[in-house]
Amino acid sequence: MAKERIVSQSAQASEPEGDLDPITLEIRPRLMREYIGQRALVERLSIALDAARKRGETMEHVLLHGPPGLGKTTLAHVIAAEMGSKAFVTSGPALTKASDLVGTLTKMEERDVLFIDEIHRLPAAVEEYIYPAMEDRKIDFTLDNGMHARVVTIALKPFTLIGATTRAGMLTNALRSRFGIAHHLEFYEHEDLVAILSRAAGILSMRSVAADAFDAIAARARGTPRIALRLLRRVRDYADVRSGGRADAQTVANALRLEGIDDRGLEDLDRKYMRAIADVYGGGPVGLEAIAATIAEDAGTLEDVVEPYLLQIGFLARTRLGRKLTKAGADSIGFALPTQSQGDGLF
Ligand code: ADE
């Protein structure tokens with residue numbers, strides 16, 4: 001088994017909060033004005049929140065989609081805090097039965113937030129109950145079956161559903177259309193990651209971190225705050241043990257090289273993925289399932305965690321015929337692309 005992947009998404013699909021240790025919870029922004037980056041989304045949410053508060057209403061249902069680690073769970077907590085309410089956190093695969101959903105919804109008070117991570121994995125039988133809950137704030141629950149079956153209608157307090165997904169394309173239209181606000185989270189700008197890191201370093205009382213250290217971490221964070229903050233903690237450990245708590249760009253490079261992370265933030269799994277396309281499939285094009293089988297990794301993990309950033313930095317292309325390395329991607333692993341595969345059309 002490969003060593004634990006430092007930049008991976010949470011391993012526990014059923015527990016969105018599974019990787020949120022006390023430090024992460026402390027670092028996380030609590031209010032909208034503390035939130036750095038995603039300006040367009042923050043503005044849309046702030047307007048919706050202000051409007052709801054002004055009218056004394058509940059906030060709209062919100063669908064957030066985009067790669068893992070960009071702040072979907074954090075935003076759910078921020079929205080709850082801004083509404084002065086509580087956030088209930090669950091995930092699509094954890095809600096196996098309608099009664100799981102009903103149990104949570106009936107516990108919620110007016111204006112509370114229900115956060116469902118990986119909402120694309122909500123079982124169809126549970127999804128049916130979500131529609132009337134979102135629209136009419138009620139649930140028609142069938143008790144017993146056969147001759148004794150009876151439907152009880154449970155009235156719910158007005159609540160806000162925040163759905164998060166890495167695969168917006170896998171949602172049914174029926175579900176997607178019931179969200180008042182839907183927004184795609186983008187990878188963060190370098191300056192925003194630097195600001196997030198410097199804020200976190202302050203909270204963690206890291207006093208001797210040079211500005212170029214934040215730059216060096218941000219450059220390796222793949223546009224993702226969750227990764228930036230994990231790397232910051234590896235650097236903090238390294239600096240505490242090796243350099244009296246001081247960190248500069250060189251300390252960062254040394255600390256993260258030990259973790260197998262290169263100057264662009266790519267690590268073992270990314271390189272293994274690119275090497276498989278290069279060595280086994282001549283640089284591509286090749287289907288995702290074939291790559292996944294070759295390196296014995298879950299195709300979903302590759303699609304959610306590995307590919308988005310390789311696509312973003314132009315190392316990978318998705319063509320009609322499958323994935324292929326670009327020249328930059330091939331160069332990065334010292335592979336010479338065969339010339340005839342250059343002309344494949346992109347989607
Ligand atoms: N910590 C993690 N993500 C953050 C963000 N977007 N703004 C401020 N602090 C953060």
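Predicted model, so just to flag it, every value in this text is computed and none were measured. Just follow the structure's listing: the first ligand is 1, and inside any ligand the first atom is 1. All values below were derived from every heavy atom in this structure, side-chain atoms included, with hydrogens, water molecules and symmetry-related copies excluded.
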**Q.** Under-4.0 Å heavy-atom contact with ligand 1, by part of Arg199 that carries it
**A.** side chain
Q.
Any salt bridge linking Arg257 with Asp263? Criterion: basic side-chain nitrogen under 4.0 Å from a carboxylate oxygen.
A. no
Q: For atom 3 (N) of ligand 1, state which one of Pro225, Ala228, Ala200 supplies the nearest heavy atom.
A: Pro225
(Q) Give the atom numbers and elements of ligand 1 that come within less than 4.0 Å of a heavy atom of Tyr188. (A) 6 (N)
Q: May I ask whether Ile196 places a heavy atom under 4.0 Å from ligand 1?
A: yes
Q) Under 3.5 Å, N or O to N or O, is Pro29 touching ligand 1 that way? A) no
Q. Is the closest basic N to carboxylate O distance between Arg275 and Asp268 below 4.0 Å?
A. no
**Q.** Under-4.0 Å heavy-atom contact with ligand 1, by part of Leu229 that carries it
**A.** side chain
Q. When the aromatic ring centroids of His77 and Phe115 are compared, is their separation below 6.0 Å?
A. no
Q) Between Thr251 and Asp248, do the side chains contain an N or O donor and an N or O acceptor separated by less than 3.5 Å? A) yes
Q. To the nearest 0.5 Å, how far apart are CD1 in Ile36 and OG in Ser198?
A. 7.5 Å
Q) Who's the nearest protein heavy-atom neighbour of atom 8 (C) of ligand 1, and how far? A) Glu34 O, 3.4 Å
Q. Taking NZ, NE, NH1 and NH2 as the nitrogens, is one of them in Glu135 or Arg178 under 4.0 Å from a carboxylate oxygen of the other?
A. yes
Q.
Could you identify the single nearest non-hydrogen protein atom to atom 7 (N) of ligand 1 and state the distance to 0.1 Å?
A. Ile36 N, 2.8 Å
